[in-house]
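Keep in mind it's a predicted model, so treat the numbers as computed, not measured. Lettering follows sequence order; numbering is per chain, from 1.
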There are 2 protein chains.
Amino acid sequence: MRQIKHPNIEQFELTDIMYALADPTRLEIVVMLATAGKKMTCGELDLNRPKSSMSHHFKILRSAGLVETVIEGTEHMNSLRFEEIEQKYPGVLKAVLKAAEKV
Amino acid sequence: MRQIKHPNIEQFELTDIMYALADPTRLEIVVMLATAGKKMTCGELDLNRPKSSMSHHFKILRSAGLVETVIEGTEHMNSLRFEEIEQKYPGVLKAVLKAAEKV
DNA sequence: ATTATTGTTCTAATATAATCGAACTATAGA
DNA sequence: TCTATAGTTCGATTATATTAGAACAATAAT
């Protein structure tokens, strides 16, 4: 079974997280995941862009530690690593989500 | 007397702020300003880089709305626009500063 | 006036990132 | 086994950022 590599909490870097959140497309993915509060496929998180473009953004979200992707069948289920990010950087993601929602 | 243009609160963009904070040099400038809690010259905030490079980073911090620069004589006095950023995006800068300090 | 100081702007080089079509991989289902 | 589905990876293109030297602008001091 395939697996996708994710950083652990010790490997999180604040600037990587800031960088990942600095792109509107990626920020929207994060907001959608937070709002849904459940795993979502890349397809559900699609922002009518080519798959390869979306895949690129997911890769950056994963490498920053913001998103966890587990493979279930042919689908990649994504979820926000909210608790872990909050544990390492309390309040950051929470405040950014609140800020992002009010557009 | 020369003047430097800064965005007003309505013009702040969350992604611009995230982007500005995604660079280690700029994040350090922001932390230094927050820690000092007073105006500082670009010289005092120097991170032994060429002046033109530092100037570039200040420009990005200013355009994001994070830093305000007022000219006093030959010096440019920089301060963190903490209250304004907090007003528009409550908790964001506060949490990021806390996160950045514990490196 | 001349010179020093502070920082910006200009310009060019290099590096990094975004975009997206096409080929590919892994699983599921017929 | 063949086909469909879901995403990734590859490769090339274009766009954006970083870096830094050199010239410049504004004030201050001699």
- When you match B:S52 and B:I60 each to their closest nucleotide on DNA chain D, which lands nearer the 5' end? B:I60
Would you say [N] has OP1 or OP2 under 4.0 Å from some side-chain N or O of [X]?
X: B:H57; N: D:dT18; answer: no
X: A:T41; N: D:dG7; answer: yes
X: B:Y19; N: C:dT16; answer: no
X: B:S55; N: C:dT8; answer: yes
X: B:H56; N: D:dA20; answer: no
X: B:R62; N: C:dT8; answer: yes
X: B:R26; N: D:dA17; answer: no

Rounded to the Å, how far apart are [X] [atom1] and [N] [atom2]?
X: B:R49; N: D:dT19; atom1: CZ; atom2: P; value: 5 Å
X: B:L61; N: D:dA17; atom1: CG; atom2: P; value: 14 Å
X: B:K51; N: C:dT5; atom1: NZ; atom2: C1'; value: 8 Å
X: B:E75; N: D:dA25; atom1: CD; atom2: C1'; value: 16 Å
X: B:F58; N: C:dT8; atom1: CZ; atom2: C1'; value: 12 Å
X: A:K59; N: C:dT19; atom1: NZ; atom2: C1'; value: 14 Å
X: B:E72; N: C:dT5; atom1: CD; atom2: C1'; value: 15 Å
X: A:I4; N: D:dA6; atom1: CD1; atom2: P; value: 16 Å

- Item | Of the listed nucleotides D:dA6, C:dT8, D:dA26, the one nearest the side chain of B:H76 | C:dT8
- Side chain of A:S53 only, please: which of C:dC20, D:dA28, D:dG21 is the nearest? C:dC20
- Please step through salt bridge (charged side-chain N to carboxylate O under 4.0 Å, His left out) for the pair A:E72 and A:K39, ending with a clear verdict. CA-CA 11 Å; A:E72 296 182 6; A:K39 291 185 197 172; 3.1 Å; yes
- Does a donor on one side chain sit under 3.5 Å from an acceptor on the other, for A:H6 and A:R62?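 No, no side-chain donor-acceptor contact under 3.5 Å.
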- Item | Residue met sooner reading DNA chain C from 5', once B:M77 and A:T25 are mapped to nucleotides |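 First, find each residue's nearest nucleotide; the 5'-ward one identifies B:M77.
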- Message: A cation-pi test, strictly: NZ or CZ of B:R81 under 6.0 Å from the centre of the six-membered ring of B:F12 and no more than 45 degrees from its axis. Yes or no?
- Response: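 Negative - B:R81 is either too far from the ring of B:F12 or too far off its axis.
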- Would you mind checking if B:E10 and B:K88 are paired as a salt bridge, meaning a charged N to carboxylate O distance below 4.0 Å?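 Salt bridge: no.
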- Message: I'd like to know if the side chain of A:T35 reaches the main chain of A:V31, judged simply by a donor and an acceptor atom lying under 3.5 Å from each other, with no hydrogens or angles considered.
- Response: yes
